Amino acid sequence: MTIFYFTSTGNSIQVARSFSGELVSIPAVLKGAKRYWKDDVIGIVTPTYFGAPPKPVMEFIKDVKLESEYLFYVLTCGNTPARAYDIILDLASEVGLRFDYINSIKMVDNYFPYFNVKSQVETLPSKHVDENLNRIIQDVKCRRQFIAKSDWYGKIAGWYMSIFPLSPKAYKNFYLIEEKCDHCRICEKVCPIGNIVMSESLTPIIRSKCLTCGACYHNCPSGAIHYKGEKSDYRYRNADVSLTDIIKANDSVV
């Protein structure tokens, strides 16, 4: 089994690991040359960003060839995957892929422009992550055929996000408290798309391709990176995932 994953705070790594397959980072694939994978079971595990799969994941699906007897996709989200199910199916149809299983699992919503992340962490027990994840794992083991559909809340959320999409200038809302920055360059290493460069004084510059994924924000050891309008300054990384795991995922090449 091969599991491709994309992560900024570790939720998708936790889920991907649970399938006990060979893990392959999607950002690492996009930086490398290999474009063909074959296995009896292939899975994709990614977060949902603003009601859709992350843009690099959609690029990955368009760019690689996956050959498998059973292909599945698991989305991690805070409250709803919104439009993501439909986007995945449309994209798969465009490139000639057929997913046998698509589902989602609710975890911590760490999107700081909209949510108080500390409060989201406190609600985690009510989401029954282990129970729901085990159910998905068993589905995949049995090779269940299942394509999830958005509920009414997801449809409303998806409609809202399509009417009011994330501004392409959202990256400008990030700012640095310079006296806190210890010039460790971790923000540069955890960015999944290589969008952060260092100035001559080794302070980060966030460029315009930003996904607003929060990898730099949440993984900054000194809490130097902030966002205008943030609902809290609480930093989150999945408890089962290390900073080294995030760096390895986003600062490597396959």
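These numbers come from a predicted model, not from an experiment.
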Q. Checking side chain to side chain contact (heavy atoms under 4.5 Å, CB included) for the pair Thr80/Ser150: CA distance, chi angles, key distance, verdict?
A. CA-CA 8 Å; Thr80 175; Ser150 297; 5.7 Å; no
Strictly by modelled atom types, are [X] and [Y] linked by a side-chain donor-acceptor pair under 3.5 Å?
X: Tyr111; Y: Gln120; value: no
X: Tyr236; Y: Asn219; value: no
X: Ser68; Y: Asp39; value: no
X: Tyr101; Y: Gln145; value: no

Extract all donor-acceptor atom pairs below 3.5 Å that involve side chains of residues 44-62 and protein atoms in other chains or at least two apart in sequence.
from, atom 1, to, atom 2, distance (Å)
Thr46, OG1, Tyr73, OH, 2.7
Thr48, OG1, Thr76, O, 3.3
Tyr49, OH, Ser8, OG, 3.1

Q. Angle class for the Phe19/Phe72 ring planes (parallel below 30°, perpendicular above 60°, tilted otherwise)?
A.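 Answer is tilted, since the angle falls between 30° and 60°.
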Tell me which donor-acceptor pairs under 3.5 Å the side chains of residues 247-254 have, and how far apart each pair is, sequence neighbours excluded?
from, atom 1, to, atom 2, distance (Å)
Asn250, ND2, Thr7, O, 3.1
Asn250, ND2, Val190, O, 2.8
Ser252, OG, Lys248, O, 2.6

Q | side-chain hydrogen bond (donor to acceptor under 3.5 Å, both in side chains) partners of residues 82-94, not counting sequence neighbours, each pair once | A |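 Qualifying pairs: Tyr85-Ser104.
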Q: Not counting sequence neighbours, list each pair that qualifies as a side-chain hydrogen bond (donor to acceptor under 3.5 Å, both in side chains) and has a residue in residues 161-183.
A: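 As it turns out, the side-chain hydrogen bond (donor to acceptor under 3.5 Å, both in side chains) pairs with a partner in residues 161-183, which skip direct neighbours, are Asn173-Tyr227.
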Residue pair [X] / [Y], side-chain heavy-atom distance below 4.5 Å:
X: Phe6; Y: Pro192; value: yes
X: Tyr217; Y: Arg235; value: yes
X: Val15; Y: Leu133; value: yes

Check for a donor-acceptor pair, side chain of [X] on one end and backbone N or O of [Y] on the other, with a separation under 3.5 Å.
X: Tyr70; Y: Arg144; result: yes
X: Asn103; Y: Val74; result: no
X: Asn132; Y: Lys127; result: yes
X: Thr2; Y: Glu22; result: no
X: Arg35; Y: Gly32; result: yes
X: Asp151; Y: Gly154; result: yes

If you round to the nearest 0.5 Å, how far is [atom2] of [Y] from [atom1] of [X]?
X: Cys77; Y: Met107; atom1: SG; atom2: CE; answer: 10.0 Å
X: Asn110; Y: Ser232; atom1: CG; atom2: OG; answer: 10.5 Å
X: Ile193; Y: Cys191; atom1: CD1; atom2: SG; answer: 5.0 Å
X: Ile42; Y: Phe4; atom1: CD1; atom2: CZ; answer: 5.5 Å
X: Cys220; Y: Ile225; atom1: SG; atom2: CD1; answer: 5.0 Å

In terms of hydrophobic clustering (I, L, V, M, F, W, Y; side-chain heavy atoms under 4.5 Å; direct or indirect links), are [X] and [Y] co-clustered?
X: Leu89; Y: Met161; answer: no
X: Ile105; Y: Val108; answer: yes
X: Tyr5; Y: Leu91; answer: no
X: Leu97; Y: Ile102; answer: yes

[X] and [Y]: which non-hydrogen atoms are nearest, and at how many Å?
X: Ile196; Y: Cys187; value: CD1-O, 3.5 Å
X: Ile186; Y: Pro221; value: CD1-CG, 3.4 Å
X: Phe112; Y: Gly214; value: CE2-CA, 3.6 Å

Q: Only counting residues at least two apart or in another chain, list the ones meeting side chain to side chain contact (heavy atoms under 4.5 Å, CB included) with Ser20.
A: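 So Ser20 forms no side chain to side chain contact (heavy atoms under 4.5 Å, CB included) with any residue.
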Q) How about Tyr234 and His218: are their ring centres within less than 6.0 Å of each other? A)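 Not under 6.0 Å, so no.
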(Q) One thing to verify: whether Asp245 and Arg17 come together as a salt bridge, which I'm taking to mean a side-chain N less than 4.0 angstrom from a carboxylate O. (A)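 So Arg17 pairs with Asp245 through a salt bridge.
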Q: Using a strict cut-off of less than 4.0 Å between a Lys/Arg side-chain nitrogen and an Asp/Glu carboxylate oxygen, indicate whether Asp139 and Lys141 qualify as a salt bridge.
A: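 No, this pair does not count.
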Q: Only counting residues at least two apart or in another chain, list the ones meeting ring-ring contact (aromatic ring centres under 6.0 Å, His included) with Phe164.
A: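 For Phe164 the ring-ring contact (aromatic ring centres under 6.0 Å, His included) partners, ignoring immediate neighbours, are Tyr160.
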Q. Given the rule in the side-chain hydrogen bond (donor to acceptor under 3.5 Å, both in side chains) test, do Asn238 and Gln14 qualify, once you have shown the distances and angles that lead to the verdict?
A. CA-CA 8 Å; Asn238 187 288; Gln14 181 195 353; 2.6 Å; yes
